[in-house]
Amino acid sequence: MESAILEVLRGLLPKPTYSISSVDEISFGELAESVSNLRAAQQGTFCERASSSSFIVIDETPSEIGESASESSSLQRETQGQYHSGSTRNKPFAASVASETGLTEEEKAFWKSYQQKLFEWLDSDNLTATMKYDEVPRENFLKWCGVTHIAETSPDDDISADNLSAERSRGEFSSPNNMNNAFLAETSSQRRGYLSKSHSKTPRFSPSIRQQPFDWKKFFTFSTKELNLFGITRKELQDMKSSSEQKELEDSRQASTQTDSLSVWDNDEERETEKTETWDDFQSIHDAVDRLLSDERFDSVLKKKQALANGEGSTKVTENNKGYAILDEQPVDNFEEEVKYPAKTFPFKLDDFQKRGILHLERGENVFVTAHTSAGKTVIAEYAIALAMQHQTRAIYTSPIKSLSNQKYRDFVNTFEDVGIVTGDVSIRPEASCLIMTTEILRSMLYKGADLIRDIEFVIFDEVHYINDEERGVVWEEVIIMLPSHIKLIMLSATVPNAIDFAKWVGATRKSKVFVVGTNLRPVPLQHCIFFRKQVYTLVNEKGKFMTGVYKQLKERAKKNLIPSSDLGTSGAHPWRELVSYLIENNLVPAVIFCFAKKRCDDLASVLRNVDLTVDSSEKFHINSFIEKSISRLRAEDRTIPQIERLREMLNRGIGIHHAGILPLMKEVVEILFQQGFVRILFATETFAMGVNMPAKTVVFSSIRKHDGRKFRWVQPGEYIQMAGRAGRRGIDSVGTVLLFLEEELPEMSILQRVMTGSPVNLLSQFRLSYNMILNLLRTEDLQVEDMIRHSFCEAPYTRDIRVMSMLLVKGEMKLKQLEERISQLQDRFCRLTAEDFRKFYNAYSEVERLTKFIAKSIFVHHRIVYNWLSLGRIVQVLGNDFSVHFAVVIGFSRKPSLKHKHNERLEGTKDINWMEGFCTLLSYVEHGRRKPDFAVKSQLGTKILSGKIERYEWLIENVSLDRIVAPISEKIHDLNVFHTFDARSPEFISQVSRIIDRLRLLQENRKFIPFVRISPNEDMMSFTTVDIWEAWNRRETLIEEIEKSPVHKSLRKFSAMKTLRLYDELDQKLSKIRWALSDDSLQLMPDYNVRIEVLKKLGFVNEEHVVQLKGRAACELNICDCVLGTEVIFENVLKPLDACECAAFLSSFVFEGSTKSAPSNVSQSLLDALETLRSIALRVGNLQNDCGLLITGEEYLQQNVKTGLVEVVYLWAHGVKFTDICEITEVPEGTIVRVINRISELLKEVKSFSRVVGDISLYDKIAEADERIRRDICFAASLYVT
């Protein structure tokens, strides 16, 4: 729908290679504004338009390809069996657009005028009857327009408006004397949207090697010139695109008439004579917007964009039947008629988004549900389970964590009878119609080809936004790719900005449509406040408006009355006691207090040691009875563990603690009592925010700063809203209260605004390759590793349309043969020139261009170098558009002229260097009447500033890229001080220009008699030069001499011949890119795959033909630990001299993820020797990976995968020592110990399967005994949810 709008706005961008993306996220209002700001910020020296202080980010992916690629590609393979080929669809033109909030006076005037125009147009639909443009803040208007900031600058990149204003006052032109103050807007294409990931520990996996993704729709602009280059018309391109879509979606509903990302809105005649509209075609952005809004063809499209929140949907994306993702916001008034015999009824009225989801389930379609916490997403999941039971098929419900699986099992057992659960340590009724499991269990079933997969109708992914998890998010992508096509997916997620993008990827991967349903309305609205000195200050009201005046009032009060956190421990006046008293007095309990450290939770709970929040003795009796009943399954000595006694005492006072250090059984006790309303105050870490529906009336943040495992940082908006969403109980509270306890310095207003009202986190791919994945995929014939990479979410924005690109390849090769024939016929009988002479000249000139770029990149790394080498008045030689070398004079610079790049990317074989162009302002001339070139490459043209004519000479002042300047020469013109004004009518200006033209003409015509030399880099530049640069310099000198002496210059056919050769060269390069892009070599993770397969070869896991050997087949059984390290250890018989208890203790070093200061001491010598051998093997494997090219050293690999902090604890536990005794020898929390022992049990099961594969019966028996020894008492107490 909005692609037509994008086509118009794309023409306004200042650079043709820039493109606009994400019709689903970026509105035309943002695009129009960004075009205005970017164009103004990038204007050259003599632009009279006002510049912009906004910091604009528009990504421009460099065209980078490898060597010649193989024709074999996963794009061209048909996958077999129950796996699916990847998407051949693509996002619309991809780019990132964002701007800073600071505005200059010029921008404010523009923005106000733009708002007025837009509101006047919208007033025709009575959409803004109650809104006035002059009363709408810029931020609110951006939000109203649907603007999403998807890039964020760092403080170092900020450019203040004051500095820019001062710069403007000095004038746009900058000579070497004032260049230090010139404005240079540098952007980074590596910055993306908010990324919310918690790093509480070092990830236990090796970093991936990624190459720059190749976005072919950025490289191929499909302009008329480019289509002519391939010998194809725009109609043919569009027909092929339509044919491709019709084939892919032949079962879908009737195709929409909307235009997709490759379509154009011109009529057929306009297509053949396309003229790309640039900014200069319009007087201002107002003309462009007016033209856009006045076009009759777009009125019906734009009027459908609801700017104001209407009902449930505040973000409206029109349904596109051509795509795989469809946002369903259709009315559901006839729901009862369409679902006459529902599989399940509910005792409450369903919301519209729930009805839409149920309708799609009845039609057998995939559903992606996005809604806030407690909005009722589980209703759709429950209906899918009931529908599967009605159809006598099966449904699988997956969750990210085992505890959530246990909780869901309890809830579903109460609703359905036929429910089972399969986790790492529990298996109850695996034959049930509804089976609950973790996502890792489902992945394992898919790799092993479990029989139950055939009977599944629905797979429900709960908390699908967990795909953002850095360590485990890859599992979701693997499962979605591998699930058979007959299975329908129900994905439940919190609200995310890129829901359509994610749904597009899922639909394209599975070749079926995904319907996005949901609501942005909260069942219970939230108000965000700050608690300070017994008072609450509301910063964000329930309508989402940030109260600036309240913040300023609070800031003044906080300066005088802030109580430092060092006052902890004072009795009655303790600030946390004041907070609890306030919550109780104002009936704001139950409340969850989020802390970002386990110790912080314990300390704050200790502060309330004398506070009793229970109502009466009956509550205490119920609490105590429930605790006694829950711990009755433990042995008598385990019931008196200090942690249990402490929690019992706190719970009897209505206070609870919930974090990873708490025993799993006691965490469940706390959760159940909290759900029942007996826990009034709960101190919890952010993991509590991910779970079943456990809402509170109030959520309190002890701070909004956290340590993510690497550094302290502010909480991201997505993290904040996930926790804040626990506030407000549906049907009980009218408003949910979120409090920030002000204990430290008041954060800046911008920080609070970003955290409290910022956009939620995007769904981002965390896909990476692992040895286990590679080995599993190499063993199956249905799906190859390349297929898995190509179908991953990280490749989704860069997927290629096979049919379009294949057509381009075929047509381009035909055109290439035609050009070859034309080139073979090139000749000039008068000058006695053959095709080989023209080819030799062209090759020499092209090589001079390449060497000039290489030298410029290597030398011009700082603007001071440019000043010293290209001083004012210096005569330079420049590569012209007529395939000749010309003279010109340096008269200034448009901005800081430097070619910045990353020095560490100069190495041979690395990707092309990204560098920022610097421009030198030159004056050149041409004799009037002299034949001009009939062909010029657009990318080589400079930016014209002024031009004119003096007598028979035409002069030109332009900004020329530094990589077009060959070198300065020994000649110089002095006293050039009048070019600041550039008044072409001034006699002084004309005199200076005439003087320059005479000097340049004299050099050009009498170069044989006027000696000059090209100035090579001086000693000051030596630190930036290398032997390669001097070799390139000397090579270029030789080539320039050949060019100047070539008789081709005298040929009248020079330009037509060069045009043909240039076309051939360009087309050949583009075809090489297409071949490479269609091959698997273009995938981002292919370098990582090649390195890892080399490691597996050297270790004997696979042979040279990539056939999995015995080692590899056994390694596939190990999922919990690093399968390569585990396999190497077992195959080197490290476990052979160990007994069962020692094996269990030894394997703890593979699963423990914490850190302790103590080393194992009270263990056997054989176990210590085995640990030492483990370290040496880990070092060897790590060093081998590093030698093969992985970005990890042996020491880093050892630290990631071998942690012996609990070896002694597990050793004693396996020998039967009491849990209370082993807790005394370590500082590791009790809950962590239990979790590690449970994971050891899971690893032991995998090692048993490993030993069965290799046929080692003695190892099997020993591991089975080890598992029996550790599976006892409190560590394996049954969950309260499943018993």
*Side chains of V966 and V876 in contact at under 4.5 Å (non-hydrogen atoms)*: no
*Side-chain contact test, heavy atoms from C-beta onward, threshold under 4.5 Å: evaluate it for I1040 versus V848 and give yes or no.*
yes
_salt_bridge(K1045, E1041) N-O dist < 4.0 Å_ = yes
*K817: what forms a salt bridge (charged side-chain N to carboxylate O under 4.0 Å, His left out) with it, not counting sequence neighbours?*
none
*asked:* Going by the rule side-chain contact (heavy atoms from CB on, under 4.5 Å), which residues pair with A967 if we only count those two or more places apart in sequence or in a different chain?
replied: W869, R1014, W1033, R1036
*Going by atom types alone, do S884 and K1054 pair a side-chain donor with an acceptor below 3.5 Å?*
yes
*N-O pairing of E1042 and R1035 below 4.0 Å*: no
*R822 CZ: over 12 foreign heavy atoms closer than 6.0 Å*: no
_For a 4.5 angstrom cut-off between non-hydrogen side-chain atoms, does D1068 reach L816?_
yes
*Passing candidate, side chain to side chain contact (heavy atoms under 4.5 Å, CB included) with V1048, options F883, Y845, Y842, F841*: F841
*With no hydrogens and no angle check, do the side chains of D837 and T834 hold a donor and an acceptor under 3.5 Å apart?*
yes
*Compare every heavy atom of A835 with every heavy atom of I823, then report the nearest pair and how far apart it is.*
O-CB, 3.1 Å
*Only counting residues at least two apart or in another chain, list the ones meeting ring pair (Phe, Tyr, Trp, His ring centres under 6.0 Å) with F838.*
none
_Test log, rule side chain to side chain contact (heavy atoms under 4.5 Å, CB included), inputs K840 and S1046_ = CA-CA 10 Å; K840 183 178 179 181; S1046 174; over 6 Å; no
_Minimum-distance pair of heavy atoms, taken over all atoms of T852 and I965_ = CG2-O, 3.4 Å
*What pair of heavy atoms forms the shortest contact from P968 to R874, and how long is it?*
CB-CG, 3.5 Å
*asked:* Which heavy atom of D963 sits nearest to which heavy atom of S961, and what is that distance?
replied: OD1-OG, 2.6 Å
*Measure across E1044 and Q877 and return the closest heavy-atom pair with its distance rounded to 0.1 Å.*
OE2-NE2, 4.1 Å
*Would you name the heavy atoms of E795 and R790 that are closest together and state the gap between them?*
CB-O, 3.5 Å
*Compare all side-chain heavy atoms of P1047 with those of C831 and state whether any distance is below 4.5 angstrom.*
no
